[in-house]
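Counting starts at 1 for both ligands and their atoms, following the listed order.
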Amino acid sequence: MMGILRQRFILIKTSIYLCTMMDSFRHQGLRKQLVAQIKEKGITSQAVLDAIGKIPRHLFMDNAFLEFAYQDKAFPIDCEQTISQPYTVAYQTQLLGIQKGDKVLEIGTGSGYQTSVLCEMSARVFTIERHKPLFEATRLRLTEMGYSAKTFYGDGFKGQPSFAPFDKILVTCGAPLIPEQLLAQLKHGGIMVIPVGPLAMQVMTTVLKHPDGSFEVIELEKFRFVPMLEEKAKRSV
Ligand code: SAH
């Protein structure tokens, strides 16, 4: 009797798991609505809209928030961090002007959602996360989903000098300043997109590194990101 009950329990658990992992027609429908919303908010790049329309965002979220995966909002993930709002992901990606094969350094892997958008656009992605549990879970998730981004556990302020220079650098946390070491790892002719400012609010900033090595800084709209903090996190949250 106990054996049958146990088998049933395992069967129910497996079905629930498979349901949440599936990309159902309902998910696809909700995603179409999300794409329409961010288009209305001003995203014009078809390549970005296509990537957002293709990626099952619910697979990047904690179970408690699955129902909300296709709302244009940021939600909590592990280690007191957030999965960025789809509009913000689209906005930053559009600013980067991704071309097929671009070598992109991302600071702040988090859930891996932004990483997957870059991968869908055929970029070669290198991504750094300072929280070990997030780094480990997201590395596994990206591999399982078939994305071949190179993931690193470390401090994004330092970048990845051994893989530099990068065509594009994307910072997905609010930086107190533009890190010198990241500027040095940007290719001549490259672009960096980084939200810069204090905790409460940051200014989306585009840094162009011209072919002669000079920099041009363009400040855009205001956003609010989780902070970019120095060094690896000391303990698991
Ligand atoms: N791109 C992510 C956004 C996650 S929020 C997504 O789509 O889900 C920003 C992430 O930046 C957090 O996971 C945070 O831990 C990380 N972060 C903050 N400071 C960092 C640093 N110095 N180096 C690497 N990652 C950092």
Legend entry - ILVMFWY cluster membership beyond V203 - transitive side-chain contacts under 4.5 angstrom: none
Legend entry - Of M145, M22, M61, the residue whose pairing with P56 passes side chain to side chain contact (heavy atoms under 4.5 Å, CB included): M145
Legend entry - Results of ring-ring contact (aromatic ring centres under 6.0 Å, His included) for F163 - residues two or more places apart only: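 For F163, the residues satisfying ring-ring contact (aromatic ring centres under 6.0 Å, His included) (neighbours in sequence not counted) are F126, F152.
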Legend entry - Cation over ring face, K209 and F215, 6.0 Å, 45°: no
Inset, instruction - Please determine if R130 forms a cation-pi arrangement with Y153, meaning its NZ or CZ atom is less than 6.0 Å from the six-membered ring centre and no more than 45° off the ring axis. - result: no
Legend entry - Counterpart residues, side chain to side chain donor-acceptor pair (under 3.5 Å), relative to S111 (two or more places apart): none
N/O to N/O under 3.5 Å, ligand 1 against protein:
| unit_1 | atom_1 | unit_2 | atom_2 | d |
| --- | --- | --- | --- | --- |
| ligand 1 | 1 (N) | E106 | OE2 | 3.2 |
| ligand 1 | 1 (N) | G108 | O | 3.0 |
| ligand 1 | 1 (N) | T172 | OG1 | 3.2 |
| ligand 1 | 7 (O) | Q114 | N | 3.2 |
| ligand 1 | 8 (O) | S111 | N | 3.1 |
| ligand 1 | 8 (O) | S111 | OG | 2.7 |
| ligand 1 | 13 (O) | E129 | OE1 | 2.7 |
| ligand 1 | 13 (O) | E129 | OE2 | 3.4 |
| ligand 1 | 15 (O) | E129 | OE2 | 2.6 |
| ligand 1 | 19 (N) | L229 | N | 3.1 |
| ligand 1 | 22 (N) | D155 | OD1 | 3.1 |
| ligand 1 | 22 (N) | L229 | O | 2.6 |
| ligand 1 | 23 (N) | G156 | N | 2.7 |
| ligand 1 | 25 (N) | R130 | N | 3.4 |

